[in-house]
Each structure stands twice: as C-alpha cells, then as structure tokens.
Amino acid sequence: KRAAEEQTKLDAEAARQRILKEKRERERKAKNKKIAIISGVVAVVVIAVIVVMNTVVIPKQKYEQAETCLASGDYETAITLFEEAGVYSNASTRHAETVIDYAARQLAIGQLESTKSLYQRIGLSNLLDKDGLRQDVMKDVPAETRILLAKSYYAAGLNEEALIALNGLDENEEAGNLLENVHDELERIEQEALAAAYQEAEQLLEEGNFDGAISLYETLGSYQDSVQ
C-alpha cells in the first residue's frame, strides 16, 4: 500500500512537471510570437521611413536646393540636383527647362561643345553641329520642347535660332505669340542699327567726310532722308 502511495505521488509530480513544461512551452511560443510581431512592425516602419526618405524627404531637399542654386545662377549644380530629385514634383520638367535655358546661354557666348553636351542630357544630341542649329533635326523635336527652346533663345538674344525653333509651328497659339515677339525684337534691333548708322553718316557729313557719308547713306536705303 505504501508503495502504491509513493507511486501515486510520483505520478502526480510527473503530471505536474509535464503541465508546467507545457505551460512554459506555451509561454515561450507566445513570447516568440509577440517578438516576431513587434519585429515585423518595426521592420515595416523602418522600411516605410526609408522609402519616405528616399522618395520624398531627400528628393524634396534636392529640389529646393536646385531652385536655390538656379536663383543664384549656379546652373550646373541646379541641373545635377534636379536630376537627382528624380520623380519628385515636377523635377524632371525643371531639369529639362534648366538644361535648355543654360544651353542657350552657353550658345550665346559661343560655347558650342558645352551646348552640345547639355543637349545630350535631354536627348537632343544631334540638334547642334559646328555650323549651328540643324533645321532638319529641329523639325522632329516635339512642339512643346521647341517652344521651350525658342523661349530660351529669345531670352538669350538668339533671335535667328528662335525662328528656327518656331519654324512650322504657326498654328500653335503660344508659338505664334512668341514668333510675333521675335519679329518685333528683330525689327527693333534693325531700327536701332539704322538709327546708329544714320547718326554716324550725319557725323561724317559734319566733319566734311562727304565720300564716307554718301557711302553710309547709300547703305541706309530709304531710311529717313538718306536717299536725299
């Protein structure tokens, strides 16, 4: 009987230990599951932060820095930063606009290689050769880009280049308005040149240089009283 009681105690203790073991195992699994869930949430948050940093925060900073550089005249840095801003806001559009504007400025001071290199960055590598703009290439450039090019040329004082860019876009209202401005500017420049030449001829006449004055008056055609 005593032996049976001892065995009963042993069995009870074994059962208790088994229950405790099963409880500890359930608690361990529950703890591991909780840790896994927390780790998963943290990982998602970290990934989300990285994505936001790479697609919003950093591109936004680069975009704003680009605008600041552009405002100070640092075109090269602005172009690089707009490019690095990627798809943020209208960075790609601002990149193209800045490249086109800077290229026109470079062309205006005779920097052909620099201009060609800039055009290459926006897919216009064949637009310019040693003789200037290629009209055969220009006609295949999208109208929107041609208008941007024309605006940049006009702003840089490259009126002939602006005419090349606008050639064939007469039906486009924006192009038509710009074309009118270019023609007005060319007319103004011509009138200023005629006025300057006329004043020079008058000065030569006063100085008694009749041959020089006559020669210059002849180049003026019907301007004012040149023919007299």
Side-chain angles (χ1 to χ4, degrees), residues 54-193:
N54 289 333
T55 61
V56 179
V57 178
I58 294 177
K60 181 175 183 293
Q61 291 175 343
K62 290 184 178 295
Y63 183 95
E64 292 174 348
Q65 290 170 358
E67 291 290 3
T68 299
C69 289
L70 187 59
S72 65
D74 187 354
Y75 282 85
E76 293 181 1
T77 302
I79 288 169
T80 298
L81 288 170
F82 276 133
E83 193 170 25
E84 292 176 352
V87 297
Y88 175 79
S89 185
N90 64 336
S92 59
T93 298
R94 295 293 290 131
H95 172 258
E97 290 173 347
T98 305
V99 168
I100 287 172
D101 188 24
Y102 187 42
R105 291 169 180 266
Q106 291 296 97
L107 184 60
I109 58 175
Q111 297 295 320
L112 294 181
E113 291 305 315
S114 175
T115 306
K116 289 169 66 175
S117 177
L118 286 164
Y119 283 152
Q120 286 176 356
R121 300 182 71 164
I122 55 174
L124 298 175
S125 56
N126 298 318
L127 186 60
L128 189 70
D129 61 20
K130 61 182 179 64
D131 297 317
L133 291 179
R134 293 180 55 184
Q135 298 189 47
D136 59 327
V137 175
M138 182 67 80
K139 65 181 179 61
D140 294 325
V141 175
E144 183 178 351
T145 303
R146 289 173 63 182
I147 290 172
L148 285 176
L149 287 165
K151 286 180 178 178
S152 71
Y153 296 143
Y154 177 63
L158 300 172
N159 295 297
E160 296 300 331
E161 285 76 4
L163 291 178
I164 292 174
L166 294 170
N167 186 37
L169 297 180
D170 308 65
E171 296 182 2
N172 184 295
E173 182 177 357
E174 185 176 9
N177 291 334
L178 183 55
L179 187 62
E180 185 176 342
N181 290 338
V182 173
H183 283 305
D184 288 344
E185 179 65 11
L186 287 171
E187 176 65 20
R188 183 189 67 77
I189 293 172
E190 182 182 6
Q191 290 302 313
E192 286 185 354

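Residue numbers count from 1 along this sequence.
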When you measure from the side chain of [X] to the backbone N and O of [Y], does any donor-acceptor pair fall under 3.5 Å?
{"X": "Ser72", "Y": "Cys69", "value": "yes"}
{"X": "Asn90", "Y": "Thr93", "value": "no"}
{"X": "Arg146", "Y": "Leu169", "value": "no"}
{"X": "Thr145", "Y": "Val141", "value": "no"}

### Task
Give the intermediate values and the outcome of salt bridge (charged side-chain N to carboxylate O under 4.0 Å, His left out) for residues Arg105 and Asp101.
CA-CA 6 Å; Arg105 291 169 180 266; Asp101 188 24; 3.6 Å; yes
Closest heavy-atom contact between [X] and [Y]?
{"X": "Arg94", "Y": "Thr98", "answer": "O-OG1, 2.7 Å"}
{"X": "Asn159", "Y": "Leu186", "answer": "CB-CD2, 3.5 Å"}
{"X": "Ala85", "Y": "Ala91", "answer": "CB-CB, 3.7 Å"}
{"X": "Ala96", "Y": "Ile122", "answer": "CA-CG2, 4.1 Å"}
{"X": "Leu158", "Y": "Ala104", "answer": "CD1-O, 3.6 Å"}
{"X": "Ala78", "Y": "Ala66", "answer": "CB-O, 3.4 Å"}

Could you grab the distance from atom [atom1] of [X] to atom [atom2] of [Y], nearest 0.5 Å is fine?
{"X": "Leu127", "Y": "Leu107", "atom1": "CG", "atom2": "CG", "answer": "9.5 Å"}
{"X": "Gln65", "Y": "Glu84", "atom1": "CD", "atom2": "CD", "answer": "9.0 Å"}
{"X": "Glu161", "Y": "Leu149", "atom1": "CD", "atom2": "CG", "answer": "11.0 Å"}
{"X": "Met138", "Y": "Ile164", "atom1": "CE", "atom2": "CD1", "answer": "7.0 Å"}
{"X": "Lys116", "Y": "Lys130", "atom1": "NZ", "atom2": "NZ", "answer": "10.0 Å"}
{"X": "Ile147", "Y": "Leu178", "atom1": "CD1", "atom2": "CG", "answer": "8.0 Å"}

With a 4.5 Å limit on heavy-atom distance, are the side chains of [X] and [Y] in contact?
{"X": "Arg134", "Y": "Asn126", "value": "yes"}
{"X": "Arg188", "Y": "Glu192", "value": "yes"}
{"X": "Ile100", "Y": "Glu97", "value": "no"}
{"X": "Leu163", "Y": "Leu179", "value": "yes"}
{"X": "Val182", "Y": "Glu160", "value": "no"}

#### Entry: Pairs involving residues 167-178, ordered by first then second residue, that meet salt bridge (charged side-chain N to carboxylate O under 4.0 Å, His left out) (sequence neighbours left out)
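Residue pairs with at least one partner in residues 167-178: Lys151-Glu174.
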### Query
Is any side-chain N of the basic residue among Glu83 and Arg121 closer than 4.0 Å to the acidic one's carboxylate O?
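Arg121 and Glu83: salt-bridged.
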### Query
Under 3.5 Å, is there a donor-acceptor pair between the Gln106 and Ser114 side chains?
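Per modelled atom types, Gln106 and Ser114 side chains form a pair under 3.5 Å.
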### Message
Within the 3.5 Å criterion, strictly below it, is a donor on Gln191 or Glu187 matched to an acceptor on the partner's side chain?
### Response
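Side chains of Gln191 and Glu187: pair found under 3.5 Å.
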### Task
Would you please test Ile79 and Leu70 for side-chain contact (heavy atoms from CB on, under 4.5 Å) and show each step?
CA-CA 8 Å; Ile79 288 169; Leu70 187 59; over 6 Å; no
### Task
Check the pair Glu76 / Tyr102 against side-chain contact (heavy atoms from CB on, under 4.5 Å), numbers first and verdict last.
CA-CA 8 Å; Glu76 293 181 1; Tyr102 187 42; 3.1 Å; yes
### Task
Using ring-ring contact (aromatic ring centres under 6.0 Å, His included) as the criterion, list what pairs up with Tyr153, not counting sequence neighbours.
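Result, ring-ring contact (aromatic ring centres under 6.0 Å, His included) vs Tyr153: none returned.
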### Message
Just to verify, what does Tyr63 make a ring-ring contact (aromatic ring centres under 6.0 Å, His included) with, not counting sequence neighbours?
### Response
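If we apply the ring-ring contact (aromatic ring centres under 6.0 Å, His included) test to Tyr63, skipping adjacent residues, the hits are Phe82, Tyr88.
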### Message
If you apply the rule side-chain contact (heavy atoms from CB on, under 4.5 Å), what do you find for Ser92 with Val87, and how did you get there?
### Response
CA-CA 6 Å; Ser92 59; Val87 297; over 6 Å; no
